[in-house]
Amino acid sequence: MNQEMPREQNKALFLRMMGALGRKDWNTAFACMTEDVCCDWPYLPIPDMPHRMVGRDAVRHFFDAGQAPFAGLNYQIDQVFELLDPQTLIAEYRSDSRHLASGLPYRNSYLGILRFRDGQVCYWREYINPQTITELQKAVEASTSHEHDEA
């Protein structure tokens, strides 16, 4: 079998999934994942969250809750690295958004390792800079407390 076909199909699926996630189009995004998808984060973006989530419903709930305070994350794909295994890819991408309540910008950089099975994402490990999120949370708290001081 030609290994370029699944490789190109998986890359196209990844791009479609990330575009949909960035627009908060959950139906399209999560249709790209297997029912038993496994997602993990070696560096937790949010303290107290699990390092690993299994199942499309659990991951969808996490994304829905996590992105609720933001305008869509508008992911931009910087580079996709094709590996020897056509069912695996590594991608560098970034988000460009804003925190809705405060209007503060939110931009982060990511590295994802994804595996595919039967034309869907079955595994996604994401390296994210948690410091960027911590800094945004502090800025949001500062702007909120400043608004309360003025009231």
Side-chain angles (χ1 to χ4, degrees), residues 6-83 87-148:
R7 180 176 282 120
E8 288 304 314
Q9 290 169 345
N10 291 337
K11 182 178 176 181
L13 178 82
F14 168 72
L15 296 173
R16 183 169 59 250
M17 180 184 77
M18 295 303 289
L21 286 172
R23 294 185 310 274
K24 297 184 178 184
D25 176 358
W26 303 141
N27 290 337
T28 299
F30 290 97
C32 296
M33 297 180 198
T34 61
E35 188 70 35
D36 64 344
V37 66
C38 175
C39 295
D40 65 32
W41 297 265
Y43 305 105
L44 294 179
I46 302 166
D48 302 329
M49 72 175 266
H51 276 277
R52 178 182 169 120
M53 289 181 198
V54 177
R56 185 169 39 209
D57 292 342
V59 175
R60 182 176 178 151
H61 176 74
F62 172 73
F63 269 82
D64 189 35
Q67 286 195 30
F70 298 97
L73 292 183
N74 304 308
Y75 291 110
Q76 298 165 25
I77 309 304
D78 295 319
Q79 193 156 3
V80 175
F81 300 93
E82 298 173 352
L83 305 177
Q87 299 298 334
T88 305
L89 65 78
I90 295 174
E92 293 178 353
Y93 46 100
R94 56 196 149 98
S95 59
D96 185 6
S97 187
R98 65 181 169 78
H99 185 262
L100 293 170
S102 67
L104 292 170
Y106 172 71
R107 293 178 187 92
N108 211 331
S109 297
Y110 313 81
L111 184 124
I113 301 170
L114 294 96
R115 292 191 192 117
F116 301 82
R117 182 178 71 232
D118 300 327
Q120 292 179 300
V121 173
C122 63
Y123 175 78
W124 183 5
R125 170 171 282 174
E126 186 173 75
Y127 293 86
I128 181 174
N129 184 351
Q131 186 62 37
T132 302
I133 297 169
T134 301
E135 290 170 5
L136 175 65
Q137 288 172 332
K138 288 179 184 176
V140 167
E141 289 170 12
S143 72
T144 304
S145 67
H146 180 68
E147 287 172 11
H148 289 345

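Heavy-atom basis, side chains included; hydrogens, waters and symmetry copies ignored.
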Separation between CG of L21 and OG1 of T28, rounded to the nearest 0.5 Å: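 Answer for the CG-OG1 pair, L21 versus T28, is 10.0 Å.
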
Straight-line distance of R7 CZ to K11 NZ, nearest 0.5 Å: 10.5 Å

Only pairs under 3.5 Å count here: list side-chain donor-acceptor contacts from residues 49-57, not counting sequence neighbours, and write none if there are none.
| residue | atom | partner | partner atom | Å |
| --- | --- | --- | --- | --- |
| H51 | ND1 | W41 | O | 3.0 |
| R56 | NH1 | F30 | O | 3.4 |
| R56 | NH1 | M33 | O | 2.5 |
| R56 | NH2 | E35 | OE1 | 2.4 |

Chi angles and distances behind the side-chain hydrogen bond (donor to acceptor under 3.5 Å, both in side chains) call for Y110, S95: CA-CA 8 Å; Y110 313 81; S95 59; 2.8 Å; yes

Could you check if a side-chain atom of [X] sits within less than 4.5 angstrom of a side-chain atom of [Y], using non-hydrogen atoms only?
{"X": "T88", "Y": "Y123", "result": "no"}
{"X": "E82", "Y": "E8", "result": "yes"}
{"X": "P42", "Y": "R125", "result": "yes"}
{"X": "Q131", "Y": "I133", "result": "no"}
{"X": "S97", "Y": "L73", "result": "yes"}
{"X": "I77", "Y": "F14", "result": "yes"}

Looking only at heavy atoms, what is the nearest atom pair of [X] and [Y], with distance?
{"X": "T132", "Y": "R107", "answer": "CG2-O, 3.0 Å"}
{"X": "K24", "Y": "A71", "answer": "CE-C, 4.3 Å"}
{"X": "I128", "Y": "P45", "answer": "CG2-CB, 3.8 Å"}
{"X": "T34", "Y": "C122", "answer": "OG1-CA, 3.5 Å"}
{"X": "A31", "Y": "Q120", "answer": "O-NE2, 2.9 Å"}
{"X": "Y93", "Y": "G112", "answer": "CE2-N, 3.6 Å"}

Salt bridge (Lys or Arg N to Asp or Glu O under 4.0 Å) pairs, two or more places apart, involving residues 113-123: D36-R117

Audit row: R98, L100, side-chain contact (heavy atoms from CB on, under 4.5 Å) steps and yes/no: CA-CA 6 Å; R98 65 181 169 78; L100 293 170; 3.5 Å; yes

Any pair counted as side-chain hydrogen bond (donor to acceptor under 3.5 Å, both in side chains), so long as it reaches residues 70-81, sequence neighbours left out: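 Sorted result for residues 70-81: Q76-R94, D78-R94.
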
Pairing residues for I90 by the side-chain contact (heavy atoms from CB on, under 4.5 Å) criterion, not counting sequence neighbours: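 Expected list: F81, L83, L111, I113.
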
Please tabulate, for the side chains in residues 61-69, all donor-acceptor contacts under 3.5 angstrom to protein atoms that are two or more places apart in sequence or on a different chain.
| residue | atom | partner | partner atom | Å |
| --- | --- | --- | --- | --- |
| D64 | OD1 | W26 | NE1 | 3.0 |

For R16, all residues meeting salt bridge (charged side-chain N to carboxylate O under 4.0 Å, His left out), sequence neighbours excluded: none

